[in-house]
Amino acid sequence: MIRSDSTEKIRVRFAPSPTGFIHVGNARTALFNWLLARQKGGVFVLRVEDTDIERSKPEYEKNLIEDLRWLGLDWDEGPDVGGEFGPYRQSERLELYHQYARQLLENGQAYYCFCPQEELERQREEALAQGRSPAYSGRCRNIPLEKARRRLESGEQAAIRLKVPEEGLVRFNDLVRGEVEFDLKLIGDPIIVRSNGMPAYNFSVVIDDALMHITHVVRGEDHISNTPRQILLYQAFNWPLPVFAHLSMVMGKDNTRLSKRHGATSIDQFRREGVLPQALCNYLAFLGWSPPEGKEVLTLEELVSLFDLSHVNRAAAIFDYDKLYWLNRQHIKLLPPSKKLELALPYLKEAGLVGATLGPAEEEWLSRVVELLLEGVDKFSDLPQKFSLIFDFQPEALAEEAREIISSDSARKVLQALVQKTSDLSDFNYEVFARLTGEIKKETGIKGKELYHPLRVMLTARASGLELDKFIPLVEEGARLNFPRPIKNCLQRIREFACVLGIEPAGKPA
RNA sequence: GCCCCUGUCGUCUAGCCCGGCCUAGGACAUCGCCCUUUCAAGGCGGCAACACGGGUUCGAAUCCCGUCGGGGGCGCCA
């Protein structure tokens, strides 16, 4: 019996445990669930699996909610928004689990297990060492319930295990993998309630998914071998089965599980780097899936309409930072200028380029600079580095490439000419610059790259950057504005450069 | 060790279910050219893959078997 017939509204869930920052793999699972729900007009449930008291922390739940919201995924039911099948935090559903465990106990489908943990651990290792399957021996299987209860009353501790049939096959049709089959002979009786009274994962998941009427369980491949145990539980209760879909893992470049070693892996880190949530979602969707028409830069809405779970690739995907950043650049381009400035500001402030408050003229100017400098930037955190083109001028620390450009005779001539022509000037702008370069071209016969390249080095103290017709007006204007770190205007730059590099005006003796 | 999943360019993938339209398509990365006063962006082009071995078939990336590789699981973690 399968839960979802086509008339029923789809209900999916994302069920993280609050034991750390949310990881790209989990975020992808959340996204796929969300896309499915939104596309089919279904319901997306957020459930917090906090039964591991050792590792779960309330602040992690807060982070998790923030990260998901930032990504743009919203849920219809959850610990923070409520819903008719709550509570949505497993730690608040303990009584429910006990109630259903009791039911299994009473009709003989589960039993108390008094085996001490150390003993089980020993047996497990022994079995592994001998090459046997380390499944539970079934030692407490036949202790009558009455006897077990007496032992409990006398103070003994016990876990509760599900009785798994000794043979048979569990089969299910996985939405992404097709038919999957497990042999019951290899599955030991799993613990469903620990001796400390907390439900085990495989148990609480089933109780919750069933009670919350979840129709599609979309989760990571690491859960695939839990699925038969869970199906057994559905069967024990005579509950309809949901549709299962197991997503492949996300790997690092070296084909091992993605970890900090590979770079940023938490959603939180990407947010701080200045990766756009829509770009991240766009990329995450491409881990195992690709759009049918070949258009790759997609908004969340487009993803919702195009996404198709049954076309998701079954093999593990390697996380490719290059492609993520490429998508991020594409999404940045799509942003309106005001949004670009808004997103850039925190990074500029942190770098000390901008003060706490900003005058209207400064803001307008900054917006134009951001617009120009954002071209080709992977992520917003790279922006302050780009801004140094305008805010920093260090002729004493020329890069090798820049040094080379000004070392030729012709370059020297060009620079001397400019120094000479600007020596009496008190005003400078692009028109003046254009007139002077015209004169220099005529007088020296130097043109093109030979002419402009050295001039660029002189004005910026670096070998690359904005085009000069954009750079000069920006710097001239910026120099008159009020910033924590003042901007040097072109004349200052020319004089300082000449001084540091020992360039004498043309015509005068060296 | 046992079980399950998986294997198309360096990477993400299309094609596979329903063999011929595949000379295997797209994107990222990379290389080259064009544009440009540099870089970037943009445009154009190049390099580059059906893991291997057997079948089945007139014909196989597509179907079957085996080998090898990768991943996951085998908890009183989730």
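Convention: sequence-line order gives letters A, B, ...; per-chain numbering from 1. Since we're looking at a predicted model, the values are computed, not measured.
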Report summary line: The side-chain hydrogen bond (donor to acceptor under 3.5 Å, both in side chains) partners of A:Arg149 (sequence neighbours excluded) come to A:Glu106
Query raised in the report: Tell me: CD1 of A:Ile472 to C1' of B:U37, nearest whole Å?
Result: 11 Å
Quick test: give all pairs of protein nitrogen or oxygen and nucleotides 48-52 of chain B nitrogen or oxygen below 3.5 Å, distance rounded to 0.1 Å.
none

Report task. Remember a base hit wins even if backbone is also touched, and classify A:Met198 as base, sugar-phosphate or nothing at under 4.0 Å, heavy atoms. Result -> nothing
Query raised in the report: Among the nucleotides B:U37, B:U38, B:A78, which one has an atom lying closest to any side-chain atom of A:Leu468?
Result: B:U37
Report summary line: Under a 3.5 Å limit on both distances, the Watson-Crick or wobble mate of B:G1 is B:C74
Report summary line: Considering only heavy side-chain atoms of A:Asp469, the closest of B:G70, B:U37, B:G72 is B:U37
Report summary line: Taken in chain and number order and not counting sequence neighbours, the residues that satisfy side-chain hydrogen bond (donor to acceptor under 3.5 Å, both in side chains) with A:Ser204 are A:Gln90
Report summary line: Under a 4.0 Å heavy-atom criterion, the protein footprint on nucleotides 60-68 of chain B, written with B, S and -, is ---------
Query raised in the report: When you match A:Asp183 and A:Ala200 each to their closest nucleotide on RNA chain B, which lands nearer the 5' end?
Result: A:Asp183
Query raised in the report: A:Glu221 CD to B:C74 P: how many Å, rounded?
Result: 13 Å
Query raised in the report: Would one find a side-chain N or O of A:Arg257 under 4.0 angstrom from OP1 or OP2 of B:G73?
Result: yes
Report summary line: A:Asp222 atom CG is separated from B:G72 atom P, nearest whole Å, by 9 Å
Query raised in the report: With respect to the side chain of A:Asn255, which nucleotide from B:A78, B:A41, B:G70 is positioned closest?
Result: B:G70
Query raised in the report: Can a side chain N or O of A:Arg314 be found less than 4.0 Å away from OP1 or OP2 on B:U6?
Result: yes
Query raised in the report: Is there a Watson-Crick or G-U wobble partner for B:U62 with both distances under 3.5 Å, and if so, which one is it?
Result: none
**Report entry** Per A:Glu467 side chain, nearest of listed nucleotides B:C4, B:U36, B:C74
**Finding:** B:U36
Query - Listed nucleotide nearest any side-chain atom of A:Ser17, set B:A78, B:U6, B:G73 - result: B:A78
Query raised in the report: side-chain hydrogen bond (donor to acceptor under 3.5 Å, both in side chains) with A:Asp392: which residues, sequence neighbours excluded?
Result: A:Arg485
Query raised in the report: Pairs in or reaching into residues 176-187 of chain A: which pass side-chain hydrogen bond (donor to acceptor under 3.5 Å, both in side chains), with residues at least two apart or in two chains?
Result: A:Arg171-A:Glu181
Name the pairs: protein N/O against N/O of nucleotides 13-15 of chain B, kept only if under 3.5 Å.
| residue | atom | partner | partner atom | Å |
| --- | --- | --- | --- | --- |
| B:U13 | OP1 | A:Gly288 | N | 2.6 |
| B:U13 | O2' | A:Ser290 | OG | 2.6 |
| B:A14 | OP2 | A:Asn313 | OD1 | 3.1 |

Query raised in the report: Listed in order of residue number, which residues of residues 186-197 of chain A have a non-hydrogen atom at under 4.0 Å from RNA chain B?
Result: A:Leu186, A:Ile191, A:Arg194, A:Ser195
Report summary line: Of the candidates B:A40, B:A27, B:G71, the side chain of A:Met249 sits closest to B:G71
**Report entry** Rounded distance in Å - CG (A:Leu258) to P (B:G71)
**Finding:** 14 Å
Query raised in the report: Is the Lys NZ or Arg CZ of A:Lys323 less than 6.0 Å from the centre of A:Tyr283's six-membered ring, within 45° of the axis?
Result: no
Requested in this report: Please measure how far the C1' atom in B:C77 lies from the corresponding atom in B:G72, and state the result in whole Å.
Outcome: 15 Å
Distance-only donor-acceptor pairs under 3.5 Å for side chains of residues 16-25 of chain A, two or more places apart:
| residue | atom | partner | partner atom | Å |
| --- | --- | --- | --- | --- |
| A:His23 | ND1 | A:Gly25 | N | 3.2 |
| A:His23 | NE2 | A:Leu258 | O | 3.4 |

Query raised in the report: Going by distance alone, is a donor N or O of one side chain under 3.5 Å from an acceptor N or O of the other, for A:Tyr97 and A:Asp208?
Result: yes
Requested in this report: Would you tell me whether A:Tyr201 and A:Asn226 have side-chain atoms, one donor and one acceptor, within less than 3.5 Å of each other?
Outcome: no
Report task. Could you list the residues that satisfy side-chain hydrogen bond (donor to acceptor under 3.5 Å, both in side chains) with A:Lys295, not counting sequence neighbours? Result -> A:Glu302
Which protein N or O atoms sit under 3.5 Å from an N or O of nucleotides 29-33 of chain B?
| residue | atom | partner | partner atom | Å |
| --- | --- | --- | --- | --- |
| B:A29 | OP1 | A:Arg329 | NH2 | 3.2 |

Query raised in the report: Between B:C12 and B:C2, how far is it from one P atom to the other, in whole Å?
Result: 29 Å
Query raised in the report: Between B:G1, B:A78, B:C76, which one does the side chain of A:Pro134 approach most closely?
Result: B:G1
Query - Closest listed nucleotide, where the reference is the side chain of A:Phe182 and the choices are B:C39, B:C4, B:A27 - result: B:C4
Requested in this report: Kindly indicate whether a cation-pi arrangement holds for A:Arg161 with A:Tyr136, taking the cut-offs as under 6.0 Å to the six-membered ring centre and within 45° of the axis.
Outcome: yes
Query - Non-neighbouring partners of A:Phe307 that pass ring-ring contact (aromatic ring centres under 6.0 Å, His included), sequence neighbours left out - result: A:Phe32, A:Trp289
